[in-house]
Enquirer: 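This is the structure, below, for whatever I ask next.
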Amino acid sequence: MIFKDYNPQQLKAFLRPAQVQTEFGLDKGNLEYLRGCSIDEGKLRGPMFFKDGNCILYQRASVVKWLKQTMFQEAETDETTETIKAKKTQVK
């Protein structure tokens with residue numbers, strides 16, 4: 001289970017951007033930028049959020065899920081440290 005560090009009550013809790021920043025280290029400005037991109041592009045770029053007027057809330061479970069997906073996604077390249085070193089050696 002990816003949420004093993006939280007109990008069900010904690011996961012259901014809603015957090016304001018400042019609380020997300022404090023608990024997870026995600027800058028409020030970055031969260032605002034990601035929300036703006038999500039609205040502009042029609043594609044979710046950050047954790048799922050709820051906005052009602054000026055009130056913005058994130059469910060803790062959504063933040064945890066987004067962080068785990070973002071932190072552990074596969075690289076977009078097949079390069080490894082070894083292949084990079086090999087390319088540098090070939091160039092010399």
Side-chain angles (χ1 to χ4, degrees):
M1 181 171 151
I2 65 173
F3 303 116
K4 65 183 177 192
D5 297 332
Y6 296 94
N7 67 43
Q9 265 323 89
Q10 290 172 316
L11 289 171
K12 290 179 184 176
F14 283 93
L15 307 170
R16 295 184 181 277
Q19 294 170 301
V20 173
Q21 178 173 314
T22 301
E23 186 170 335
F24 297 100
L26 294 170
D27 182 71
K28 292 187 309 182
N30 191 32
L31 290 169
E32 182 179 0
Y33 173 77
L34 292 171
R35 287 192 307 272
C37 289
S38 298
I39 292 167
D40 291 346
E41 298 173 10
K43 180 179 179 183
L44 189 61
R45 292 290 179 189
M48 191 179 306
F49 63 95
F50 171 76
K51 182 175 182 179
D52 185 19
N54 291 330
C55 182
I56 297 165
L57 298 172
Y58 294 89
Q59 192 172 36
R60 183 180 278 116
S62 296
V63 176
V64 171
K65 183 178 179 181
W66 179 78
L67 280 171
K68 289 189 182 245
Q69 288 174 341
T70 304
M71 290 172 57
F72 301 110
Q73 60 182 294
E74 294 182 23
E76 293 181 13
T77 178
D78 291 332
E79 286 191 327
T80 64
T81 306
E82 290 78 23
T83 59
I84 292 170
K85 286 179 187 176
K87 284 182 182 180
K88 287 181 181 178
T89 305
Q90 290 173 357
V91 172
K92 291 180 182 180

Enquirer: Has the side chain of Arg60 got a donor or acceptor atom that lies under 3.5 Å from a matching backbone atom of Gln10?
Expert: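 Indeed, once roles are kept as given, a pair shorter than 3.5 Å links the two residues.
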Enquirer: So if you build clusters from Ile, Leu, Val, Met, Phe, Trp, Tyr with side-chain heavy-atom gaps below 4.5 Å, do Leu57 and Val64 land together?
Expert: no
Enquirer: To the nearest 0.5 Å, what is the distance between CG on Leu31 and OH on Tyr58?
Expert: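 Interatomic distance, Leu31 CG to Tyr58 OH, rounded to 0.5 Å: 4.0 Å.
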Enquirer: What heavy-atom pair brings Pro17 and Arg35 nearest, and what distance separates the two atoms?
Expert: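 Scanning both residues completely, I find the closest heavy atoms to be CG-NH1, 4.0 Å.
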Enquirer: Indicate yes or no: at least one non-hydrogen side-chain atom of Lys12 is less than 4.5 angstrom from one of Tyr6.
Expert: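 Of all side-chain heavy-atom pairs linking Tyr6 with Lys12, none is under 4.5 Å.
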Enquirer: Measure across Ser38 and Phe49 and return the closest heavy-atom pair with its distance rounded to 0.1 Å.
Expert: CB-CE2, 4.3 Å
Enquirer: If you count every heavy atom of other residues, nucleotides or ligands that lies below 6.0 Å from Glu32 atom CD, does the total exceed 12?
Expert: no
Enquirer: With side chains defined as the heavy atoms from C-beta onward, is the minimum distance between Arg16 and Ile56 less than 4.5 Å?
Expert: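 Not touching, per the 4.5 Å side-chain cut-off.
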Enquirer: Quick one: do Met48 and Val20 end up in the same hydrophobic cluster if we chain Ile, Leu, Val, Met, Phe, Trp and Tyr together by side-chain heavy atoms under 4.5 Å apart?
Expert: yes
Enquirer: Can you confirm whether Phe14 is buried at CZ, in the sense that more than 12 heavy atoms of other residues, nucleotides or ligands lie under 6.0 Å from that atom?
Expert: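 Result for CZ/Phe14: enclosed.
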Enquirer: If you round to the nearest 0.5 Å, how far is CD1 of Ile39 from CG of Leu44?
Expert: 10.5 Å
Enquirer: Compare every heavy atom of Glu23 with every heavy atom of Leu15, then report the nearest pair and how far apart it is.
Expert: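 Smallest heavy-atom distance, with atoms named: CD1-OE1, 4.0 Å.
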Enquirer: Enter the distance from Trp66:CH2 to Arg45:CZ here, rounded to the nearest 0.5 Å.
Expert: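 So the CH2 of Trp66 and the CZ of Arg45 are separated by 11.0 Å.
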Enquirer: Are any non-hydrogen side-chain atoms of Pro47 and Leu67 less than 4.5 angstrom apart?
Expert: no
